[in-house]
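Reading through the structure tokens given below for one structure.
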Amino acid sequence: MQDPKRCADKLTRRGMLKSAALPVAGAFALPSLAVAVENSSTPYQRPRLKITDIRTAQVRVHGPQTHIRIYTDQGIYGQGEATDAAVGTDALVRQFRRVLVGQDPLNVDALWERLRTSGIFAGAQGGQYTTALSGLEIALWDLAGKALGLPVYQLFGGKFRDKVRIYCDSDMESPIGPESDRKLPWIREQGFTAMKIDLDDATDPARFDRVNWTASNGEIDRMVAWVKHVRENIPKDMDLACDMHGRYDAGTGKRVAIELEPFRLLWLEEPVPAEDIDAMVDIRHSTKTPIACGENLYMRWGYRELLEKNGVDILQPDFQKVGGLSEARRVANLAQTYYVPLAPHCVVSPIGMMASAHVCVSIPNFVVCEWHWINHPDLWKSWVKEGEIIQKGYATPSDKPGLGVEMDESVARKAQIPGTGWFEPSAS
Ligand code: MG
């Protein structure tokens, strides 16, 4: 018969360490290891939760955003944010509610897949449907983190980096003039190491006409002058990206990309619409300027052909509409198989940006993430109770459970879209 005291010692951590010094076959024979693990581990208790309600609030800051909250029978809720194709998403979320109430919110991926596949004949391939699904899925991850007591990045396998490099979208009407004189020094003072300007100008008098976006020589000269001016007025080590918003044709895209080669851009964004894959491939292979796109593509299938055809240097999924955080990670992994890095599009509040940040630290192929609220600094700084989340050009994911930030409703409600509800309980 075994000595009980000796047996108990074996099952303590010290006992296990002592055993490790013994020959492997004796110390770690399977039965003794199983007993040791069983006795020295904290029993895992999976929280039992049920979804009881889903509520929305619609705001307009940089475009429309839908904030989504998922409530449970245990008093905790998760919050998410959807953007861009957010108009009408509150009606879709009400439909999703019928499927989700009573479900276990910790089955995040399974719930997402159920909603996606049930909507195949209702537009689930992109647009508003996928945008609504994105905000909802982000809320599920926030809820899962809160329920399990872990930050979302930990649920994604931990961190490749501690902080997320952020670039400032300057959101300027014209990069030459008073607005630029004010903003360029401010961007530098904030500590950003990268920024972006827009090159498309609907009011350019050199345009051929109001409809055709084939650029004239005068327009291309104006674009080059803008880039030259900004390049000369920001630090040499600050990266500069330029956006054409998918408005132009392939010939214009090629000409602009080649003209801008001397400025060594971080990227030239969407010279043509992202869905025009062959044109994007043509432009990319005609220039040394890196080509970026992806903010208007949805889910992993939206990126496959673009990657297969080597049509892009940098991919820009928007996590608040691409399908959510798990789908963002799937797109990142797909891109990595082609050695393509990610620079996520991001135009949302600190809640959405913190959600993006949790993904950005958890993927290997991350370059820089967008910030687009330069024209709304007061709302940005006070939108969440935690205050400013960008410090010296970087955002650090919170170590608190879930996303780690909570909305200050007295602030966010200033941006509420008139005539819409504010997290109103759903009629059961
Ligand atoms: Mg863009």
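Throughout, residue positions are numbered sequentially from 1 according to the sequence presented. Hydrogens, waters and symmetry mates play no part in the numbers below; they use all other heavy atoms, side chains included. Atoms within a ligand are numbered from 1 in the order they appear, just like the ligands themselves.
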Considering just N/O/S atoms, say which atom of Glu295 is closest to the Mg ion (ligand 1). OE1
Looking at Asp243, the N/O/S atom that lies nearest to the Mg ion (ligand 1) is called OD2
Think Arg161 forms a cation-pi with Phe366, using NZ or CZ under 6.0 Å from the six-ring centre and within 45 degrees of its axis? no
Is it true that Arg413 and Glu409 make a salt bridge, defined as a side-chain N closer than 4.0 Å to a carboxylate O? no
Glu269, N/O/S atom nearest the Mg ion (ligand 1): OE2
Does Lys392 make a cation-pi contact with Phe192 (under 6.0 Å, within 45 degrees of the axis)? no
With sequence neighbours left out, the residues meeting side-chain contact (heavy atoms from CB on, under 4.5 Å) with Glu259 are Ile220, Val224
